[in-house]
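Notes to accompany the following structure.
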Amino acid sequence: MATDQPTVLGPRLSSGRIVGLVVVSAFTATAGWLTATGFVRAFAAHACGPEQGCGALGTTLYLAGGILLWLLCLVATATTAHGDAPTTEPSATSDRGVLLACLALGLLGAALANGSLHPWLLVPVLPLALLTVVLDRWGARRWRTFQRDSRIRAGREDRLERHGITVPGRITGLGHTGSTYNDCPELRITVAFTTADGEQHATTVIESFPAYDAPRRGDAAEVRYDPADPGNARASLVAGPAPDAVPVGPAAPDAPPTPGLDLIAALERLAALHRDGSLDTAEFTAAKARLLGTGLSAGASGGR
């Protein structure tokens, strides 16, 4: 029996990216040498002889060129190390690790500034290199965790599509997440449903709705769940009242349908939202027209 081979986890650098990192590393060390040389010639008069041409313009070019080159190398190193990884995913390379590596390489070049060895600049290079390695391993572990979780989610979604069962549900809880999307509040909606074997379960869906069209407790929903794992479920809201067949919570007493009263209550709710500024005039007019059209259609159906 054939089995799927597990994907090897862990980031991999292509040969092209490795060559790119080596080239950028050389430029980063050069940037450190330029910057440190500019500082030495600017603040240590004895270090600048006449044959070196240490004028103000030359010193300024050393400083500005070194700093600019180092910043460009920092960006190039981060881009080359991250590769084409999506921005929505954690990178296998830590940004802090890239920064520390560039600092270490810059100090390595600065230790040879102005043609002389400056041993004290070599002291922090080793600790920075060790921190870079630690952060790189942390980024790799974080990347592996993300890849593993992504595969698990994809497997659950695939099983839900292939073996899931769709059943009716009912909204039992509503809460604001505190976020908005296009001025529409984002809601965390709890939907309860009953599996084919009679067990009660609930799932959560997060969506944004305009204030005048937000769902309410008791509204209908559809839930697709995995019979082998009812916790793996996906809910979608549907128009209309919740089906009576869903035994969630205490049963409500029977009441005669009152479409006219429901329409009046909805219109009053819209008017209140318009008064307090939640709806502008255009939104209020559109929602009112839609409600009136729905109410008229329901009244005509009831008359027949």
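Keep in mind it's a predicted model, so treat the numbers as computed, not measured.
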Minimal non-hydrogen separation, [X] against [Y], with atom names:
X	Y	answer
G38	L63	C-CD2, 3.7 Å
F193	G169	CB-CA, 4.3 Å
A31	G66	CB-O, 3.5 Å
A235	V205	O-CG2, 4.0 Å
A111	L122	CB-CD2, 3.6 Å
A36	A113	CB-CB, 3.4 Å

Hey, could you give me the [atom1]/[atom2] distance between [X] and [Y], rounded to the nearest 0.5 Å?
X	Y	atom1	atom2	answer
T190	L174	OG1	CG	7.5 Å
L69	I67	CG	CD1	11.0 Å
L100	L130	CG	CG	11.0 Å
N232	L160	CG	CG	5.0 Å
I189	I171	CD1	CD1	5.0 Å
F209	E186	CZ	CD	10.5 Å

Exercise for review: Apply side-chain contact (heavy atoms from CB on, under 4.5 Å) to the pair W70 and L103, showing each step before the final yes or no.
Suggested key: CA-CA 9 Å; W70 187 85; L103 283 174; 3.8 Å; yes
Not counting sequence neighbours, which residues clear side chain to side chain donor-acceptor pair (under 3.5 Å) with [X]? List them please.
X	result
R234	E157, E161
T195	D197
S179	none
R216	none

Review point. Do L68 and L72 come close enough that some side-chain heavy atom pair is under 4.5 Å?
Key: yes
Check your understanding: Among R148, R153, Q147, whose side chain to side chain donor-acceptor pair (under 3.5 Å) with S150 holds?
Key -> R153
Look at the side-chain heavy atoms of Ile, Leu, Val, Met, Phe, Trp and Tyr, link any pair under 4.5 Å apart, and say whether [X] and [Y] land in one connected group.
X	Y	answer
L107	W120	yes
V125	L128	yes
L74	L131	yes

Point to revise | Partner residues of R159 under the salt bridge (Lys or Arg N to Asp or Glu O under 4.0 Å) criterion, sequence neighbours left out | key: D226
Exercise for review: Scan for salt bridge (Lys or Arg N to Asp or Glu O under 4.0 Å) pairs involving residues 201-213, sequence neighbours excluded, and state none if there are none.
Suggested key: D213-R290
Review point. Are side-chain N/O atoms of T145 and R142 paired as donor and acceptor at under 3.5 Å?
Key: no
Check your understanding: Hey, mind stepping through L112 and L117 against side-chain contact (heavy atoms from CB on, under 4.5 Å) and telling me if it holds?
Key -> CA-CA 5 Å; L112 300 174; L117 180 64; 3.8 Å; yes
Review point. Which is it for L187 and H176 under the side-chain contact (heavy atoms from CB on, under 4.5 Å) test, yes or no, and what are the steps along the way?
Key: CA-CA 5 Å; L187 302 178; H176 290 272; 3.4 Å; yes
Exercise for review: Carefully, step by step, assess E222 and T166 under the rule side chain to side chain donor-acceptor pair (under 3.5 Å).
Suggested key: CA-CA 7 Å; E222 284 186 351; T166 301; 5.9 Å; no
